[in-house]
**Student:** 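Sending over a structure as structure tokens; questions will come in a sec.
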Amino acid sequence: MQIKVIDLKKKYGNITALKNITFTIEDKTITALLGPNGAGKTTTINILTGLLKPDEGEIFYGDFSFQTNSKKIKSIIGVVPQHNNIDRDLTVYQNLLVHAILFGLKKNEIKNRIEEILHFTGLINHKNKKAGKLSGGMKRRLVIGRAILHRPKILFLDEPTVGLDPATRRHIWDFVKNINKNFGCTVVLTTHYIEEAELLSDYVYFIDKGEIIKYGEPEKLKSEMGKYVLEIFSGGKTIEEYFESKTEAIERLKQHEDVDLAKIRDVNLEDVYLKLTGRKIDI
């Protein structure tokens, strides 16, 4: 299901968190909202899921206005908040059972649906363990599994891997890709991790200070910069120059004087952000 956001605005007192942003999330894609902390990513997700009301703007899920069909639309979305909000004193199975009841799943399908999710998340052997005893990665898988228990058409993930170690983070990435592929679920995620946005998303929206400053497919966004970056540290600062080939970068390096350190690497999405804002993404 396509999501259309039109002229969304949100203020907190004198601070404008979102400045009339407009964007579209295509059906069955993975779309990343990429930007530093405080950019407006979580505010956007909270409005799209009904946790916050916008000051201005419209949201459409397919042909349905969220403002007038919120109950119907909430039944087809899943939400994974930034922090794990599981009940630590309940078992893994009980956490899923409570969610199934709250979403009105039929009694004769609850058991099968929970078993399906336990297998999909790899938590089947931990179903009787209290959620508070799980590792950080397992807790995150439980939160995501709970969010897809009712088979939503759209899944929102707010900073899905924040605080996880690199190995666990990669397991979660595979998990998210499988949700998109196996369930045909549209995934919208917020992140400040460059690698996460590059590896997961079909489309990226750069958000900075409450505005969308650039969007597109990751590879196309990077190709606009070039293929390679020459990083030179000299005189106490780093400068970046962009080239289509390593040969061009090497020839350019030969022209520089007083170079302390130099490196040639592939262009990434942070280079795009740096070019747009003049600074790196601050996590």
Side-chain angles (χ1 to χ4, degrees), residues 1-10 12 17-18 21-33 40-87 90 94-110 112-114 116-117 120-121 131 139-160 175-176 178-180 182-191 203 205 207:
M1 179 178 288
Q2 187 187 67
I3 307 170
K4 287 186 178 180
V5 177
I6 304 170
D7 293 330
L8 205 62
K9 184 177 181 179
K10 182 66 181 178
Y12 298 103
L18 296 178
I21 63 172
T22 296
F23 62 94
T24 300
I25 306 293
E26 297 297 341
D27 186 36
K28 298 180 181 178
T29 61
I30 300 179
T31 298
L33 307 180
K41 305 187 303 297
T42 296
T43 296
T44 301
I45 292 291
N46 287 344
I47 291 174
L48 291 179
T49 56
L51 294 176
L52 278 178
K53 288 187 177 181
D55 298 325
E56 297 177 20
E58 295 181 282
I59 304 165
F60 290 91
Y61 284 80
D63 296 325
F64 298 99
S65 167
F66 190 36
Q67 284 84 337
T68 55
N69 297 274
S70 62
K71 186 175 181 180
K72 177 185 175 93
I73 292 169
K74 284 179 181 179
S75 70
I76 62 168
I77 65 176
V79 183
V80 176
Q82 188 171 136
H83 302 290
N84 295 331
N85 59 349
I86 52 177
D87 192 318
L90 296 182
Q94 289 168 337
N95 268 277
L96 294 173
L97 178 60
V98 169
H99 186 81
I101 294 171
L102 290 174
F103 266 82
L105 269 64
K106 296 177 182 178
K107 288 185 179 180
N108 61 355
E109 67 178 352
I110 287 178
N112 289 338
R113 195 75 68 85
I114 291 177
E116 176 188 41
I117 291 299
F120 184 74
T121 58
K139 287 176 183 175
R140 207 59 180 153
R141 277 187 276 158
L142 175 57
V143 174
I144 298 174
R146 184 186 61 185
I148 62 173
L149 181 64
H150 60 291
R151 294 178 181 170
K153 293 183 178 180
I154 302 163
L155 178 64
F156 291 95
L157 300 160
D158 191 10
E159 301 283 0
F175 189 33
V176 172
N178 281 325
I179 290 171
N180 175 248
N182 295 341
F183 293 93
C185 184
T186 302
V187 177
V188 183
L189 65 97
T190 72
T191 185
Y203 297 95
Y205 284 86
I207 297 184

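If you're wondering where the values come from, they're calculated on a predicted model, not measured in any experiment. Residue numbers run from 1 in the order of the sequence given.
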**Student:** For D63, does the CG atom have more than 12 heavy-atom neighbours from other residues, nucleotides or ligands under 6.0 Å away?
**Tutor:**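 At most 12 heavy atoms, drawn from other residues, nucleotides or ligands, come within 6.0 Å of this atom.
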**Student:** Nearest 0.5 Å please: distance from the CD1 atom of I76 over to the CZ atom of F64.
**Tutor:**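 Spacing of CD1 (I76) from CZ (F64) equals 8.0 Å.
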**Student:** Which label fits F156 and Y61: parallel for a plane angle under 30°, tilted from 30 to 60°, or perpendicular past 60°?
**Tutor:**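 F156 and Y61: perpendicular rings.
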**Student:** Is any side-chain heavy atom of P160 closer than 4.5 Å to a side-chain heavy atom of V143?
**Tutor:**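 Of all side-chain heavy-atom pairs linking V143 with P160, none is under 4.5 Å.
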**Student:** Working to the nearest 0.5 angstrom, can you tell me the gap between L142 CG and N84 CG?
**Tutor:**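 CG of N84 is found 8.0 Å from CG of L142.
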**Student:** Determine yes or no for a side-chain-to-main-chain donor-acceptor pair under 3.5 angstrom, with N95 supplying the side chain and D87 the backbone.
**Tutor:**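 Looks like yes, one N/O pair under 3.5 Å.
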**Student:** State whether the side chain of Q67 and the backbone N or O of G57 hold a donor-acceptor pair below 3.5 Å, judged by distance alone.
**Tutor:**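 Yes.
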**Student:** Which residue in the set N46, I45, I47 passes side chain to side chain contact (heavy atoms under 4.5 Å, CB included) when paired with T43?
**Tutor:**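 Single pass found, and it is I47.
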**Student:** Grab the two heavy atoms, one from T121 and one from F175, that are nearest each other, plus how far apart they are.
**Tutor:**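 Smallest heavy-atom distance, with atoms named: CG2-CZ, 3.3 Å.
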**Student:** Could you tell me if the side chain of L155 sits less than 4.5 Å from the side chain of F183, heavy atoms only?
**Tutor:**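 They are not in contact (no side-chain heavy atoms under 4.5 Å apart), so the answer is no.
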**Student:** Could you go step by step and tell me if L149 and R113 meet the side chain to side chain contact (heavy atoms under 4.5 Å, CB included) rule?
**Tutor:** CA-CA 7 Å; L149 181 64; R113 195 75 68 85; 3.6 Å; yes
**Student:** For a 4.5 angstrom cut-off between non-hydrogen side-chain atoms, does I179 reach I148?
**Tutor:**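 When only atoms from C-beta onward are counted, I148 and I179 do touch, with a gap below 4.5 Å.
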**Student:** If you take all heavy atoms of Y12 and A17, which pair is closest and at what distance?
**Tutor:**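 Taking every non-hydrogen atom into account, CE1-CB, 3.5 Å.
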**Student:** Identify the heavy atoms of I86 and A131 that sit nearest to each other, and give their distance.
**Tutor:**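 Taking every non-hydrogen atom into account, CD1-CB, 3.6 Å.
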**Student:** Could you check whether Y203 and F23 have their ring centres less than 6.0 Å apart?
**Tutor:**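 Not close enough - the centres of the two rings lie 6.0 Å or further apart.
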**Student:** Determine whether a donor-acceptor pair (N or O, by modelled atom type, separation under 3.5 Å) exists between the side chain of K10 and the backbone of K53.
**Tutor:**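 Answer holds: yes.
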**Student:** Given 3.5 Å as the limit, does a donor-acceptor pair link the side chain of T31 with the main chain of V188, or not?
**Tutor:**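 Pair absent, no side-chain N/O of T31 close to backbone of V188.
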**Student:** List the atom of F66, the atom of T49, and the distance in Å for their closest heavy-atom pair.
**Tutor:**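 Where F66 meets T49 most closely, the heavy atoms are CZ-C, 3.9 Å.
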**Student:** Roughly how far apart are L33 CG and I25 CD1, rounded to 0.5 Å?
**Tutor:**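 It comes to 6.0 Å.
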**Student:** Without swapping roles, check the side chain of T24 against the backbone of K4 for a donor-acceptor pair under 3.5 Å.
**Tutor:**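 Side chain of T24 to backbone of K4, a donor-acceptor pair under 3.5 Å: no, none is there.
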**Student:** Give, for atom CG of L8 and atom CD1 of I59, the distance between the pair rounded to the nearest 0.5 Å.
**Tutor:**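 Between L8 CG and I59 CD1, I get 5.0 Å after rounding to 0.5 Å.
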**Student:** Say you draw a straight line from CD1 of I154 to CD of Q2; how long is it, rounded to the nearest 0.5 Å?
**Tutor:**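 Atom-to-atom, I154:CD1 and Q2:CD are 10.0 Å apart.
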**Student:** Quick one: closest heavy-atom pair of T191 and K41, and the distance?
**Tutor:**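 The answer is O-CE, 3.5 Å.
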**Student:** Report the distance from atom CD1 of I110 to atom NE2 of H99, rounding to the nearest 0.5 Å.
**Tutor:**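 Between atom CD1 of I110 and atom NE2 of H99 there are 11.0 Å.
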**Student:** Which heavy atom of H150 sits nearest to which heavy atom of R146, and what is that distance?
**Tutor:**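 Distance-wise, the nearest heavy atoms are ND1-O, 4.5 Å.
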**Student:** Determine, stepwise, if the pair I21 / Y205 fulfils side chain to side chain contact (heavy atoms under 4.5 Å, CB included).
**Tutor:** CA-CA 11 Å; I21 63 172; Y205 284 86; over 6 Å; no
**Student:** Check for a donor-acceptor pair, side chain of D7 on one end and backbone N or O of T22 on the other, with a separation under 3.5 Å.
**Tutor:**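 Not a single qualifying donor-acceptor pair exists.
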**Student:** State plainly whether the residues E116 and R151 are in salt-bridge range, i.e. N to O under 4.0 Å.
**Tutor:**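 Yes, this pair counts.
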